[in-house]
Amino acid sequence: EVQLVESGGGLVQAGGSLRLSCAASGFTFDDYVIGWFRQAPGKEREGVSCISRIDGNTYYADSVKGRFTISSDNAKNTVYLQMNSLKAEDTAVYYCAGRRWFPFGSSWPREPFEYDYWGQGTQVTVSS
């Protein structure tokens, strides 16, 4: 059974940092793409970042580029999202998602329908 479990959310002041974790199990980690999404109240779920395990490439939405960093720990089957210089507009429920790798080139999968497995989400609240 594929499982993705997020942790690390919380309340932080604007300008602060948080690190989210996504622990994966039930599939061959290296064959997958792991993405981070977020959904703010009243808004659609949006792709934030993804990491392609097979080649290590990372991708970011323009809104978080330069502030967020995605990484993975092979030994722990865990993907991290380091979030720095947080803004009030980063407030959302953050989800990690997984799908099998495919040759997507530079057009990284950033739509929810492109992923097969989802975690339960973790709340990030940035106070201004």
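Residue numbers count from 1 along this sequence.
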Please step through side chain to side chain contact (heavy atoms under 4.5 Å, CB included) for the pair Met83 and Leu81, ending with a clear verdict. CA-CA 6 Å; Met83 307 185 296; Leu81 186 68; 3.9 Å; yes
Mind checking who shares a hydrophobic cluster with Val33, ILVMFWY linked at side-chain heavy-atom distances under 4.5 Å? Phe37, Ile54, Tyr59, Val93, Tyr95, Trp101, Phe102, Phe104, Trp108, Tyr115, Trp118
Between CD on residue Glu6 and OG1 on residue Thr78, distance to nearest 0.5 Å: 11.5 Å
Flag yes if Phe68 and Tyr80 sit in one hydrophobic cluster, no otherwise; membership is Ile, Leu, Val, Met, Phe, Trp, Tyr, and two members link when side-chain heavy atoms are under 4.5 Å apart. no
Should Arg53 and Asn74 count as side-chain neighbours, where that means a heavy-atom distance under 4.5 Å? yes
For the pair Thr91 (side chain) and Val126 (backbone), establish whether a donor and an acceptor sit closer than 3.5 Å, ignoring hydrogens and angles. yes
Hey, what else clusters with Val5 if you join Ile, Leu, Val, Met, Phe, Trp, Tyr whenever side-chain heavy atoms sit under 4.5 Å? none
With rounding to the nearest 0.5 Å, note down the distance linking CD in Glu114 to CZ in Arg99. 6.5 Å
So do the side chains of Ile70 and Val79 get within less than 4.5 Å of each other, counting heavy atoms only? yes
Flag the pair Leu18 / Val124 as yes when at least one side-chain heavy-atom distance between them is below 4.5 Å, and no otherwise. yes
For Ala24 and Phe27 the tightest heavy-atom approach is CB-CZ, 3.5 Å
Quick one: do the Ser17 and Asn84 side chains pair a donor with an acceptor below 3.5 Å? yes
Should Thr125 and Val12 be marked as a side chain to side chain contact (heavy atoms under 4.5 Å, CB included) after you check the CA-CA gap, both sets of side-chain angles, and the distance that decides it? CA-CA 6 Å; Thr125 303; Val12 64; over 6 Å; no
Heavy-atom distance under 4.5 Å between the side chains of Cys22 and Trp36, does that happen here? yes
Rounded to the nearest 0.5 Å, what separates atom CD in Glu1 from atom CD in Gln3? 4.5 Å
Report yes if the side chains of Ser63 and Arg38 come closer than 4.5 Å at any heavy-atom pair, otherwise no. yes
Roughly how far, to the nearest 0.5 Å, is CZ of Arg100 from CG of Asp31? 6.0 Å
Begin with the C-alpha distance, continue with both residues' side-chain angles, and end with the deciding distance and a verdict on salt bridge (Lys or Arg N to Asp or Glu O under 4.0 Å) for Lys87 and Asp90. CA-CA 5 Å; Lys87 307 175 182 180; Asp90 295 318; over 6 Å; no
Run the side chain to side chain contact (heavy atoms under 4.5 Å, CB included) check on Cys50 and Arg110 step by step: do they pass? CA-CA 8 Å; Cys50 88; Arg110 64 181 71 193; over 6 Å; no
What's the spacing between Ile51 CD1 and Ser71 OG if we round to 0.5 Å? 6.5 Å
Examine distances only and state if a side-chain atom of Arg19 and a backbone atom of Gln82 form a donor-acceptor pair shorter than 3.5 Å. no
Could you tell me the separation between the OG atom of Ser49 and the CG atom of Leu20, rounded to the nearest 0.5 Å? 11.0 Å
Under the side chain to side chain contact (heavy atoms under 4.5 Å, CB included) criterion, do Tyr32 and Tyr117 qualify, and how do the steps go? CA-CA 11 Å; Tyr32 273 66; Tyr117 306 105; 3.8 Å; yes
